[in-house]
There are 2 protein chains.
Amino acid sequence: MNDYKRKLDIANGRVDLSHGAGGRAMGHLIEAIFHRAFDNDWLRAGNDQSAFPAPAGRMVMTTDGYVVSPLFFPGGNIGTLAVNGTINDIAMAGAVPLYLSASFIIEEGFPLADLERIADSMGAASREAGVPIITGDTKVVERGKADGVFISTAGVGRVPIGLDLRADAARPGDAVIISGSIGDHGVAVMSKRGNLEFDTAIASDSAALHGLVAAMVEAGGKHIRLMRDPTRGGIAATLNEIASQSTVGFHIDEEAIPLKPEVAAACEFLGLEPLNVANEGKLITVVAPAGADAVLAAMRAHPLGVEAMLIGHAVADENCFVQMTTSFGGGRIVDWLSGEQLPRIC
Amino acid sequence: MNDYKRKLDIANGRVDLSHGAGGRAMGHLIEAIFHRAFDNDWLRAGNDQSAFPAPAGRMVMTTDGYVVSPLFFPGGNIGTLAVNGTINDIAMAGAVPLYLSASFIIEEGFPLADLERIADSMGAASREAGVPIITGDTKVVERGKADGVFISTAGVGRVPIGLDLRADAARPGDAVIISGSIGDHGVAVMSKRGNLEFDTAIASDSAALHGLVAAMVEAGGKHIRLMRDPTRGGIAATLNEIASQSTVGFHIDEEAIPLKPEVAAACEFLGLEPLNVANEGKLITVVAPAGADAVLAAMRAHPLGVEAMLIGHAVADENCFVQMTTSFGGGRIVDWLSGEQLPRIC
């Protein structure tokens, strides 16, 4: 056997260009950090792809790139986001996530200890969700040509027979339900940004939502029009996208939207509108009137949906406006931002 | 309808942070560049994931990140590599590639015209291969935090019933066949590196190999032990990896390895060993003796395998050495590199 398992100095070492060059050093890195952290026979088989039995029926595929800054923040890090976020994009089709892939682009000089910490978090998130990372890739670029590490995950899942959720499926009269409080993730990341660090007890809500989704599908699958996780751009972007794709409007009630007082305070301090702030463990669902009560009850019975709220309804509106009744009793249009309120939030 | 399809100024515009922020600007960019270039109903549906009917039997999944520098080089660009390379990783399992995903991480200030050119190449490569890009993601990072654009593609494919290629399947006596000349891609990219640009007619061999693989599987599927595309680290790394994983040695014959004279000359000029230089449209296969002739004949009958050659055999060797008889009649060990001969070659 070649000397394939030589130990890296993880405590003090740094990633260098040889770790991305396809040679022995890359083998060491992958073995010592990724195979150990992700811990499954697919990766250990050492092929450039991994095989699995095809499920029956329809499948979904998704991908997301993660560039969050800083890499570590209260409640998670780039690795947990990369696992949970891609699981959530699968789950938003009502699907059961099955397998993930992970592509790492690493800046030369990145501490091996940080890479291990990220990989360990990904392994833990993947095991907790029951969705293994079965294949991956590692590239290294010169110092100054990336920012620590970027991770792109892709995932595949199985769609329950008969379910077909679509972005264009919302109809006037449908109920709009959110699974919990908004803005936690964005505020948690901003609280650790170098230029405006502030003290807060707020942690990211990063979580894998496929268990919640399974409960919702069981309770009212045939009534669920669609689900979306309101990440970048917050619930304002998500509702505007759905409105545009379904050609409906939405009327929502600000009072009904769960918002933690400390998140509200931080948003005020930072000059942010909570409706535009990213979430990583919440979903919005649009449900036909006949199923709204059952779906809401199923959500509240799940640990990730205890604070679920009916926040409004779809209405006929060919302008596709999202209108909100404010806490003060007035009304306003909720627009989505054209620009970047919070770059690199995920 | 919201103003979802406003034109970008592609000729003169640049990517800015708003294009990655989840709002309206991102919608414009995705619509004007990616949906148009990749041109399929999955993307136009505008969901965060795309659905497809599951095939029968076994599937494979793979991912690769692409960080090649420069982004454009003779014979291709980062986009064609990202499509063909991921198709090839699927094909190396003997599988039929079905669907791709693409995750873009873009540096602020990147010219929209270059992004369009890359996306157009990806669309063309995807259509030529018959493998649609059905889902994607776009992130933008600040100027100086990436290097133009990085692309991570993932793919899924269907494994023909009864086929099970594995990296640990090589046995002493097996034939080692390469599909064509080595080193073209690495030399083509190096010829455009800012610090050592030189004139050459050499183009990257970037190509999708699944058609060649299908012909090989049809001709001798039950005799094929494994296939690998010798990308980063070249055929030296690939043979050493297989040797290590299968616990065999290899004896190869330098004279038999196809190498274009101009690639040989460029390697000498650059101080590179052609065996270590990356390929993007070649494969190495290890075939049981009974099937070697049939597989070689099938390869030569395919446009991407006309120069296929039997270059050696697997041998019993618990040291897993790759030994080469040189053109001068001597012998030497072909080691894989520990370090980076050619960073960012793919």
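The chains referred to below are lettered A, B, ... by the order of the sequence lines, with proteins before strands, and numbering in each begins at 1.
- Between A:N47 and B:R228, the closest side-chain pair of non-hydrogen atoms falls below 4.5 Å.
- In this structure a side-chain-to-backbone donor-acceptor pair under 3.5 Å is missing from B:K139 to A:V67.
- Among the candidates A:G148, A:A93, A:P53, A:A56, the residue making the largest number of heavy-atom pairs closer than 4.5 Å to chain B is A:A93.
- In this structure, the portion of B:A102 lying under 4.5 Å from any heavy atom of chain A is its backbone and not its side chain.
- Interatomic distance, CG of A:D48 versus CE of B:M227, reported as 12.5 Å (0.5 Å rounding).
- Heavy-atom pairs under 4.5 Å with chain B peak, among A:A154, A:S50, A:A167, A:G22, at A:S50.
- Residue contact with chain A, scored on non-hydrogen atoms closer than 4.5 Å, involves the backbone of B:T138 exclusively.
- Using modelled atom types, one side-chain atom of B:Q49 and one backbone atom of A:D89 make a donor-acceptor pair closer than 3.5 Å.
- Neither the backbone nor the side chain of A:I133 comes within less than 4.5 Å of any heavy atom in chain B.
- Between chain B and the options A:V141, A:L226, A:V159, heavy-atom pairs under 4.5 Å are most frequent for A:V141.
- Between chain B and the residues A:A237, A:G57, A:G144, the most heavy-atom pairs under 4.5 angstrom are made by A:G57.
- Under the 4.5 Å side-chain criterion, counting only non-hydrogen atoms from C-beta, B:R58 is not in contact with A:F52.
- Within the model, atoms OH of A:Y66 and OG of B:S152 stand 12.5 Å from one another, a figure rounded to the nearest 0.5 Å.
- Salt bridge annotation for A:D168-B:R44: absent, with no cationic side-chain nitrogen under 4.0 angstrom from a carboxylate oxygen.
- Checked by atom type and distance alone, the side chain of A:R232 pairs as donor or acceptor with a backbone atom of B:G20 at under 3.5 Å.
- You'll find the side chain of A:D335 reaches within 4.5 Å of the side chain of B:R24, heavy atoms only.
- Contacts between B:R158 and chain A at a heavy-atom distance below 4.5 Å are absent for every atom of the residue.
- Of the atoms belonging to B:L98, not a single heavy atom falls under 4.5 Å from chain A.
- Between A:D137 atom CG and B:T63 atom OG1 the span is 6.5 Å, to the nearest 0.5 Å.
- Side-chain contact between A:M61 and B:S101 is present, with heavy atoms from C-beta onward closer than 4.5 Å.
- Note on B:T135, B:D317, B:D164, B:I345: by heavy-atom pairs under 4.5 Å with chain A, the leading option is B:T135.
- Looking at B:K145 and A:K145, their side chains never come closer than 4.5 Å, going by heavy atoms from C-beta outward.
- Of the listed residues (A:R166, A:E107, A:E142), the greatest number of heavy-atom pairs within a distance under 4.5 Å of chain B belongs to A:E142.
- Rounded to the nearest 0.5 Å, atoms CZ (B:R344) and CD1 (A:I105) are 9.0 Å apart.
- Side-chain atoms of B:V156 and A:V156, non-hydrogen and from C-beta on, do get closer than 4.5 Å to each other.
- Contact tally against chain A (heavy-atom pairs below 4.5 Å) for B:S69, B:A95, B:A278, B:G136: the top residue is B:G136.
- In terms of heavy atoms, A:Q245 sits closest to B:A45 at NE2-O, 3.5 Å.
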